[in-house]
Colleague: 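Sharing a structure below in structure tokens format, with a few things to ask.
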Amino acid sequence: MQLQLSQSALLGRNRLNVALLLFVAILLTANVGHATTAVLQNRNSMAEFHTEAADPGTKGLFNWNVDGIDQIFEQWFWYRVGNTGPESALDTLTQNEVSQLNLDSEAGNDFLLVGYVDPAQRFSIQVRYMLTGGTTGSLDSDLVEVLRIQNLSTTQPLDFHFFQYVDFDLGGTANDDTVSVGGIPGNTVRQSDALLQLSETVVTPPPSRYAVTGTAASLKSQLTDGSPTSLSGAGGPITGDAAWAFQWDFVLAPGDSYLISKDKNLRPVPEPATVWTAFAAACALLLAARRIRRNK
Ligand SMILES: [Ca+2]
Ligand SMILES: [Ca+2]
Ligand SMILES: [Ca+2]
Ligand SMILES: [Ca+2]
């Protein structure tokens, strides 16, 4: 009897433990489904993201605040499988992970990872962001993004088309920005106004296609309309409410993944005095080199 009591007490404790574990699991699952704003902070910079379909307003990176000024209206991703039908926004997939980390010794999370999976289990997409701010008042800031797209099928290749759309409004003003694509093949976008300059470099691999525009809404509508889109190749320079998009076309073998690595760097336009000082220093160096050559 004594033994039987202990066994039933033990059974009761195990049941309690299982119930507790289930409760924690439900809480964790509930967290994944919540509409929240993810916030990264580092020195003079803050970045805010809406990552889920249930989040209100603009999706993706909707606030990149540097020294108190919001520099962006929207950056988000779209995709298409095959060559027919419309593109779909990343947040139409099932979000299966969100984590934020503080990687340095300074206050605020500076790293964000968001993961999605296709409800039909054909592919998964992970986005990683890392924010690095400058000193207060410097207007310097940097945002690194790495994406991984994986074919989850063990038998079928995946014909994939991935799009990034970006609408920066540098200095908080939209209609005075000039944008152009550089690099061979085109992999760097430069956007600037009188005060600020931004470059986005696709470290690897260069996009298959791109387009820049001075009317942001017209470019975005290509990703939200009902038909398959192939970007025009327009490289600017063009001035207005500048925006741009990149497109990567690729076929992934079963089980393979595709990595895209990009860097956004914001800094002030150098003042004319700084440019002249640099020019004078370059001239002095040239003269010194000539003198050395003459004296040899
Ligand atoms: Ca930090
Ligand atoms: Ca501006
Ligand atoms: Ca389209
Ligand atoms: Ca813009």
Side-chain angles (χ1 to χ4, degrees), residues 44-45 47-50 57-93 125 138-141 143 145 159-182 188-200 207-250 262 264-271:
N44 68 343
S45 303
E48 290 188 293
F49 306 81
H50 282 150
T58 311
K59 296 298 187 297
L61 171 61
F62 68 93
N63 181 13
W64 186 6
N65 194 304
V66 182
D67 285 308
I69 307 165
D70 182 11
Q71 308 290 338
I72 197 163
F73 180 72
E74 177 180 23
Q75 171 194 273
W76 198 218
F77 302 100
W78 276 258
Y79 72 90
R80 187 182 71 239
V81 177
N83 280 317
T84 55
E87 288 74 40
S88 302
L90 193 58
D91 54 278
T92 59
L93 299 170
I125 300 179
S138 65
L139 292 172
D140 283 331
S141 191
L143 186 65
E145 298 166 345
D159 178 6
F160 211 70
H161 305 270
F162 191 69
F163 299 81
Q164 171 191 253
Y165 169 78
V166 198
D167 178 2
F168 274 102
D169 296 336
L170 298 182
T173 51
N175 293 317
D176 59 344
D177 290 6
T178 300
V179 65
S180 65
V181 175
T188 301
V189 170
R190 289 194 176 83
Q191 185 167 335
S192 61
D193 64 11
L195 182 66
L196 288 158
Q197 54 187 348
L198 173 118
S199 64
E200 167 152 337
S208 318
R209 304 188 68 81
Y210 55 76
V212 301
T213 183
T215 46
S218 68
L219 184 57
K220 188 179 172 186
S221 67
Q222 293 182 36
L223 297 169
T224 55
D225 65 9
S227 53
T229 288
S230 202
L231 295 174
S232 68
I238 187 162
T239 300
D241 182 1
W244 78 83
F246 285 145
Q247 172 181 351
W248 290 266
D249 305 314
F250 52 93
K262 308 182 289 95
K264 290 176 169 60
N265 184 273
L266 180 82
R267 58 207 176 281
V269 171
E271 288 185 23

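In listed order, ligands and their atoms are each counted from 1. The structure displayed is predicted, hence computed values, not measured ones.
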Colleague: May I have the angle between Glu87 OE1 and Asp225 OD1 with its vertex at the Ca ion (ligand 3), rounded to 10°?
Modeller: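 About 140°, to the nearest ten degrees.
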Colleague: Scan side-chain atoms only and decide if Asn65 and Asp70 contain a donor-acceptor pair under the 3.5 Å cut-off.
Modeller: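 No, no side-chain donor-acceptor pair sits under 3.5 Å.
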Colleague: Check whether Arg80 reaches the backbone of Thr229 with its side chain - one donor and one acceptor, N or O, closer than 3.5 Å.
Modeller: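 Checked: pair present.
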Colleague: What angle, in degrees and rounded to 10°, do you get at the Ca ion (ligand 2) when you join it to O of Leu170 and to OD1 of Asp176?
Modeller: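 About 160°, to the nearest ten degrees.
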Colleague: Check Asp169 and report its N/O/S atom nearest to the Ca ion (ligand 4), by atom name.
Modeller: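 Of the nitrogen, oxygen and sulfur atoms in Asp169, the Ca ion (ligand 4) lies nearest to OD1.
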Colleague: Please state whether the separation between the Ca ion (ligand 4) and some N/O/S atom of Phe73 is under 3.0 Å?
Modeller: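 Checking the Ca ion (ligand 4) against Phe73, no N, O or S atom falls under 3.0 Å.
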Colleague: Taking both backbone and side chain into account, is any N, O or S atom of Thr173 nearer than 3.0 Å to the Ca ion (ligand 2)?
Modeller: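 Checking the Ca ion (ligand 2) against Thr173, an N, O or S atom does fall under 3.0 Å.
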Colleague: Test ring-ring contact (aromatic ring centres under 6.0 Å, His included) on His161 and Tyr79 and set out the steps.
Modeller: CA-CA 6 Å; His161 305 270; Tyr79 72 90; over 10 Å; no
Colleague: Closest N/O/S atom of Asp241 to the Ca ion (ligand 4), by atom name?
Modeller: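 So the atom name we want here is OD1.
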Colleague: Does Thr229 put an N, O or S atom under 3.0 Å from the Ca ion (ligand 3)?
Modeller: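 True for Thr229.
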Colleague: Is any N, O or S atom of Asp177 under 3.0 Å away from the Ca ion (ligand 4)?
Modeller: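 Looking at Asp177, which is the residue asked about, there is no N, O or S atom under 3.0 Å from the Ca ion (ligand 4).
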Colleague: Please determine whether Leu196 has a backbone or side-chain N, O or S atom lying under 3.0 Å from the Ca ion (ligand 2).
Modeller: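 No, outside the cut-off.
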Colleague: Could you tell me whether the side chain of Thr215 and the main chain of Ala217 form a donor-acceptor pair under 3.5 Å?
Modeller: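 Absent.
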Colleague: Does Phe168 put an N, O or S atom under 3.0 Å from the Ca ion (ligand 4)?
Modeller: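 Yes - counting backbone and side chain alike, Phe168 has an N, O or S atom under 3.0 Å.
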Colleague: Considering just N/O/S atoms, say which atom of Asp193 is closest to the Ca ion (ligand 2).
Modeller: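 Of all N, O or S atoms belonging to Asp193, OD2 is the one nearest the Ca ion (ligand 2).
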Colleague: Any luck finding a side-chain donor-acceptor pair between Gln164 and Glu200 under 3.5 Å?
Modeller: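 Side chains of Gln164 and Glu200: pair found under 3.5 Å.
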Colleague: Are side-chain N/O atoms of Trp64 and Ser141 paired as donor and acceptor at under 3.5 Å?
Modeller: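 Yes, Ser141 and Trp64 have a side-chain donor paired with an acceptor closer than 3.5 Å.
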Colleague: Do Glu74 and Phe62 come close enough that some side-chain heavy atom pair is under 4.5 Å?
Modeller: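 Sidechains of Phe62 and Glu74: no contact.
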Colleague: With no hydrogens and no angle check, do the side chains of Asp167 and Trp244 hold a donor and an acceptor under 3.5 Å apart?
Modeller: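 No - no donor-acceptor pair under 3.5 Å links their side chains.
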Colleague: Return the name of the atom in Asp167, of element N, O or S, nearest to the Ca ion (ligand 4).
Modeller: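 The nearest such atom is OD1.
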